[in-house]
There are 2 protein chains.
Amino acid sequence: MTNRTAENIFDRLVDGIVAGKMIPGEPLAEKALAEQFGVSRTPVREALHRLEQSNLAERGSRRAFFVREMKAEDLAELFEAVGEVESALAALAAHRLTEVERKTLMAILEEGRACDDPEAYSGINKHFHNTIKAGARNSALAATLEDLNLRTMAWRAANFHENTNRLATSRVEHQAITEAILAQDAEATRSLMRSHVAGSYVLVADILARREP
Amino acid sequence: MTNRTAENIFDRLVDGIVAGKMIPGEPLAEKALAEQFGVSRTPVREALHRLEQSNLAERGSRRAFFVREMKAEDLAELFEAVGEVESALAALAAHRLTEVERKTLMAILEEGRACDDPEAYSGINKHFHNTIKAGARNSALAATLEDLNLRTMAWRAANFHENTNRLATSRVEHQAITEAILAQDAEATRSLMRSHVAGSYVLVADILARREP
DNA sequence: TTGTGCGGATATGTATACATATGCAAGATG
DNA sequence: CATCTTGCATATGTATACATATCCGCACAA
């Protein structure tokens with residue numbers, strides 16, 4: 001009786017969209033998806049509604065769902081929002097990190113220094129941001145960030161693969177953020193984190209500019 | 001063929017929870033609600049899922065929905081999150097408000113000065129915050145704030161009715177925030193807005209402390 | 001008396017049938 | 001020939017029937 005089917009459909013749809021297999025603007029018809037996944041329309045409906053609330057799908061006329069179009073403008077807003085929320089979390093973390101987490105952060109920096117593979121570094125990067133997010137001790141804000149990040153993930157992924165230059169920059173910025181956190185300088189932390197996220201957006205903007213000239 | 005039924009159920013459930021008519025911890029059984037509203041389980045299911053995503057309901061064992069319990073700790077996190085997001089929006093608005101919006105803001109202050117009725121002031125307060133939210137030109141962040149606010153609304157409402165003292169304080173703080181925005185001082189705006197939201201929380205914390213001693 | 005296990009009751013998950021609204025196309029009419 | 005109207009096709013919204021898992025109570029045994 002578990003909700004596994006609907007959850008499963010949702011996850012598969014998210015994967016499809018995030019991986020870019022489902023093109024923005026593509027219609028998400030209940031019947032077609034139900035047939036494709038071999039289930040009835042009911043769990044598909046549920047998954048689509050969750051997609052809408054996650055802002056990965058939107059509704060057009062006839063109440064039909066579509067993969068959400070991402071205009072350059074929307075993406076810029078999204079990254080700005082991520083920057084604001086993540087920097088707020090980091091500022092809180094500056095005063096709230098436990099000793100264990102501080103050591104974790106330093107260990108992550110060390111690990112990052114020894115890593116030249118963009119793929120592997122992506123994991124280290126996640127660990128870094130997750131540690132800060134957890135250290136802020138605010139689950140409401142953390143959940144908010146996760147929501148926002150879900151929508152930028154596709155772009156971040158595309159980004160890291162194309163650009164190894166970003167790796168070195170990221171390393172330096174992580175270093176600076178860590179230092180500010182360890183110094184419990186909330187305002188510096190906030191400002192550095194905001195720039196860090198904005199920096200990761202610049203590349204995305206480039207990709208976007210090349211796609212829609 | 002509109003989605004009116006499910007939407008309607010959702011709104012009514014939100015109202016019920018926000019108005020405090022549905023007690024936290026109270027089970028939300030599909031069948032019972034369906035009978036209560038005179039519809040089938042299908043739209044009720046949809047409404048409950050939306051409630052869950054809005055964090056107004058949660059699931060227990062047996063996958064049943066309950067009105068979400070709000071511990072003092074959770075509420076504190078929530079208000080902190082609201083403060084961070086709303087202050088971020090205000091900081092952005094400091095540089096992005098249109099001339100029309102600036103004048104609106106000043107008009108709202110004027111209106112607030114002439115208002116001693118807490119009920120009416122609540123509307124003016126909303127208008128003030130909405131103007132800033134809109135002026136930030138970031139719909140993703142604005143939507144985030146709305147999500148968070150939905151969950152604090154019940155407490156804010158309870159609050160304003162009990163305390164007329166808060167009205168004068170709010171007026172002064174709005175004045176200060178407006179001045180910072182008009183001066184395009186993003187950092188001052190951010191800091192003032194954060195305190196403003198935190199201040200509105202203090203009263204909620206008092207109510208909470210009296211309820212759970 | 002207490003603990004374990006089985007079975008019924010019940011609530012949720014899924015499938016399907018039916019209702020209804022929207023869009024498109026074809027035909028009639030000016 | 002253009003435009004409006006009408007009807008059908010199709011997709012979503014809702015209701016209901018069926019499947020299945022969880023919980024509770026009762027009985028039986030240690």
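Any value given below was found using the heavy atoms of this structure, including those in side chains, with hydrogens, waters and symmetry copies removed. We name chains A, B, ... by the order of the sequence lines, and we start the count at 1 in each one.
- As a whole-Å value, the separation of B:Leu48 CG from C:dA11 P is 14 Å.
- For the pair A:Ser40 (side chain) and A:Thr42 (backbone), a donor-acceptor distance under 3.5 Å is present.
- Between B:Thr5 and the phosphate of D:dT14, there is a side-chain N or O to OP1/OP2 separation shorter than 4.0 Å.
- Counting to the nearest Å, the C1' atom of D:dT12 and the CZ atom of A:Arg41 are 6 Å from each other.
- Between the P atom of D:dG13 and the CZ atom of B:Phe37 lies a distance of 19 Å, rounded to the nearest Å.
- Following rounding to the nearest Å, B:Glu30 (CD) and D:dT16 (P) show an atom-to-atom distance of 15 Å.
- When distances run from any side-chain atom of B:Lys31 to the nucleotides D:dT14, D:dT12, C:dA11, the shortest one goes to C:dA11.
- At distances below 3.5 Å, at least one donor-acceptor pair connects side-chain atoms of B:Arg171 with backbone N or O atoms of B:Cys115.
- Look at CD on A:Glu46: it is 12 Å from P on C:dA15, rounded to the nearest Å.
- When the nucleotides D:dT16, C:dG13, D:dT12 are ranked by their closest atom to the side chain of A:Arg59, D:dT12 comes out on top.
- The distance from atom CG of B:Asn130 to atom CD of B:Glu146, rounded to the nearest 0.5 Å, is 7.5 Å.
- Separating the NE2 atom of A:His49 from the P atom of D:dG13 is a distance of 6 Å, rounded to the nearest angstrom.
- Between A:Arg45 and C:dT16, a side-chain N or O to OP1/OP2 separation shorter than 4.0 Å is absent.
- Distances were taken from every side-chain heavy atom of A:Ser40 (C-beta onward) to each of D:dA15, C:dA15, C:dG13; the shortest belongs to C:dA15.
- The phosphate of C:dT14 has neither OP1 nor OP2 within less than 4.0 Å of any side-chain N or O from A:Thr42.
- The CD1 atom of B:Ile9 sits 15 Å away from the P atom of D:dG13 (whole-angstrom rounding).
- Going from atom CZ of B:Arg4 over to atom P of D:dT12 covers 19 Å, rounded to whole Å.
- Among residues at least two apart or in separate chains, there is no side chain to side chain donor-acceptor pair (under 3.5 Å) pair with a member in residues 11-20 of chain B.
- For the atom pair CD1 of A:Ile181 and CG of A:Leu92, the computed distance is 10.5 Å after rounding to the nearest 0.5 Å.
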